[in-house]
Asker: 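So that we are looking at the same thing, I have put the structure below in structure tokens.
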There are 2 protein chains.
Amino acid sequence: MEDLQDILVRLKSTGIKNTKHRIRILEFLNQSHQPRSADEIYESLRQEDSSISLSTVYRAMDILVANELVNKVNFENGTKTSFEINRHIHHHFVVCLGCNKVFSIEGCPIHEYEHELEKKTGFKVVGHKLELYGYCKACQRQQKHKN
Amino acid sequence: MEDLQDILVRLKSTGIKNTKHRIRILEFLNQSHQPRSADEIYESLRQEDSSISLSTVYRAMDILVANELVNKVNFENGTKTSFEINRHIHHHFVVCLGCNKVFSIEGCPIHEYEHELEKKTGFKVVGHKLELYGYCKACQRQQKHKN
DNA sequence: TTGCAAATGCAAATCATTCGCATTTGAGTG
DNA sequence: CACTCAAATGCGAATGATTTGCATTTGCAA
């Protein structure tokens, strides 16, 4: 887990204001092992001493995403947008349809494919979205027991 | 373009009712070269002689997707769900961020990767989502002219 | 042709997200 | 440290896509 300090340094270097809420949001996402929805962030911060409003969370997410401190993700299962700390490490998600847990995998199997496509078609690729869906070991075991 | 008749045969074989609206929706999607939103389907069918309600479109899409006659797609750019005829041919989308046109590419660069991942981690993959985003030739040309 | 479950239309409801506006706050400046 | 002001926040209302309840209509099997 990247040190929170490094993230706060990056926050400062963006030039946007360094507010209590933004710091607490980054703190929460940094220690979270799963991408989180605006709602989950809101509920988590609300528990603590100082309160926050949901629209502030949404606005914070917008600006943190724009400044590359946070990534925005939309999964096929589930309706809400999720957010995770942007560690500037290219990765993809493996999502368990049983327990909805999200696993991260580093590396990318399609970079080469992108180049080929560019050469072949002239299309200029600037980004991609790749997610794998299925069942984690634990959910596979549970499934077997049911039968 | 697959013959509409084949699609209607598949519709019949599902056992769900063979209604005028559903047939016209399949017809529209079959001749469409782009995935379409519920709204676009609604507007298109409304023009023609008989009318339709938007909720009927949504309900039809649900059941057509459940019966594998139609695929549901959510693109990163844009907020609405899109639908396309399900031709049962594995493919992915290349989306132009300039003109929002969607191109289809057959074949899949990650099947082998999926197998590796399964072997390595024990995760059982049942599906994936892969889309490429960038700029088509035409939009690249236009971009140059602006500079 | 009849019966009935499934499909439809319409309006109201829902849910995530955004926006308007009055108030507060971070952070540079003197 | 006090001052200023744009940026950030809180609250509630608005939005936009999608869903739902319910009364009516329509496929289709018998």
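Predicted, not measured: the structure shown is a model, and the values here were computed from it. Letters go in sequence order (proteins before strands), and every chain restarts at 1. The analysis underlying the following values was restricted to heavy atoms, covering all of them including side chains, and did not include hydrogens, waters or symmetry mates.
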Asker: Under a plain distance cut-off of 3.5 Å, with no hydrogens placed, do His88(A) and His90(A) share a side-chain donor-acceptor pair?
Answerer: no
Asker: Which whole-number value in Å describes the distance from Ile41(B) CD1 to dA17(D) C1'?
Answerer: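 Going from Ile41(B) (CD1) to dA17(D) (C1'), I get 14 Å.
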Asker: Please tell me which of the listed nucleotides, dC10(C), dG27(D), dA8(D), lies nearest to the side chain of Lys17(A)?
Answerer: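 Output: dA8(D).
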Asker: For the pair Ile41(B) and Tyr58(B), evaluate side-chain contact (heavy atoms from CB on, under 4.5 Å) and give the outcome as yes or no after the intermediate values.
Answerer: CA-CA 10 Å; Ile41(B) 296 168; Tyr58(B) 276 108; over 6 Å; no
Asker: Classify the nucleic acid contact of Lys80(A) as base, sugar-phosphate or nothing, counting any heavy atom under 4.0 Å across all strands shown.
Answerer: sugar-phosphate
Asker: Will you find, in the side chains of His128(A) and Glu131(B), an N or O donor that is under 3.5 Å from an N or O acceptor?
Answerer: no
Asker: Identify whether any heavy atom of Thr81(B) sits under 4.0 Å from a base atom; if not, whether one sits that close to sugar-phosphate; answer base, sugar-phosphate or nothing.
Answerer: sugar-phosphate
Asker: Think Tyr58(B) has a side-chain N or O under 4.0 angstrom from the OP1 or OP2 of dT19(D)?
Answerer: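 It does not, given that no N or O in the side chain of Tyr58(B) lies less than 4.0 Å from OP1 or OP2 of dT19(D).
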Asker: How about Phe123(A) and Tyr135(B): are their ring centres within less than 6.0 Å of each other?
Answerer: no
Asker: Rounded to the nearest Å, what distance is computed from the NZ atom of residue Lys72(A) to the P atom of nucleotide dA16(C)?
Answerer: 15 Å
Asker: By nearest heavy atom, map Ile16(B) and Arg59(B) onto DNA chain D; which one lands nearer the 5' end?
Answerer: Arg59(B)
Asker: Looking at the side chain of Ile52(A), which of dG9(C), dG10(D), dT18(D) is the nearest nucleotide?
Answerer: dG10(D)
Asker: Output the single nucleotide from dA16(C), dC19(C), dT17(C) whose closest atom is nearest the side chain of Leu54(A).
Answerer: dT17(C)
Asker: In whole angstroms, how far is the C1' atom of dA7(D) from the CG atom of Leu11(A)?
Answerer: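 Computing the Leu11(A):CG to dA7(D):C1' distance gives 14 Å.
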Asker: Does a side chain donor of either Glu84(A) or Asn71(A) reach within less than 3.5 Å of an acceptor in the other side chain?
Answerer: yes
Asker: Looking at Arg46(B) and dG9(C), is any side-chain donor or acceptor paired with a base atom of the opposite kind under 3.5 Å?
Answerer: no
Asker: Check the distance between dT24(C)'s C1' and Asn18(A)'s CG and give it to me in whole angstrom.
Answerer: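 It works out to 17 Å between those atoms.
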Asker: Assign each of Ser55(B) and Ser55(A) to its nearest nucleotide of DNA chain D by heavy atoms, then name whichever residue's nucleotide is nearer the 5' end.
Answerer: Ser55(A)
Asker: Rounded to whole angstroms, how far apart are CD1 on Ile25(B) and C1' on dA7(C)?
Answerer: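 The distance from CD1 of Ile25(B) to C1' of dA7(C) comes to 12 Å, rounded to the nearest Å.
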Asker: Can you check the Phe75(A) CZ to dA16(C) C1' distance for me, whole Å?
Answerer: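 The distance from CZ of Phe75(A) to C1' of dA16(C) comes to 17 Å, rounded to the nearest Å.
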Asker: For dT26(D), take OP1 and OP2 only and decide whether either is under 4.0 Å from a side-chain N or O of His21(B).
Answerer: no
Asker: Once hydrogens and angles are ignored, does a donor-acceptor distance under 3.5 Å link the base of dG26(C) to the side chain of Arg22(A)?
Answerer: no
Asker: Whole-Å distance between dT18(C) P and Met61(A) CE?
Answerer: 12 Å
Asker: State which of dG9(C), dA16(C), dC11(D) makes the closest approach to the side chain of Thr79(A).
Answerer: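 The answer is dA16(C).
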Asker: Just the rounded figure in Å: distance from P of dC15(C) to OH of Tyr42(A).
Answerer: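 These atoms are roughly 16 Å apart.
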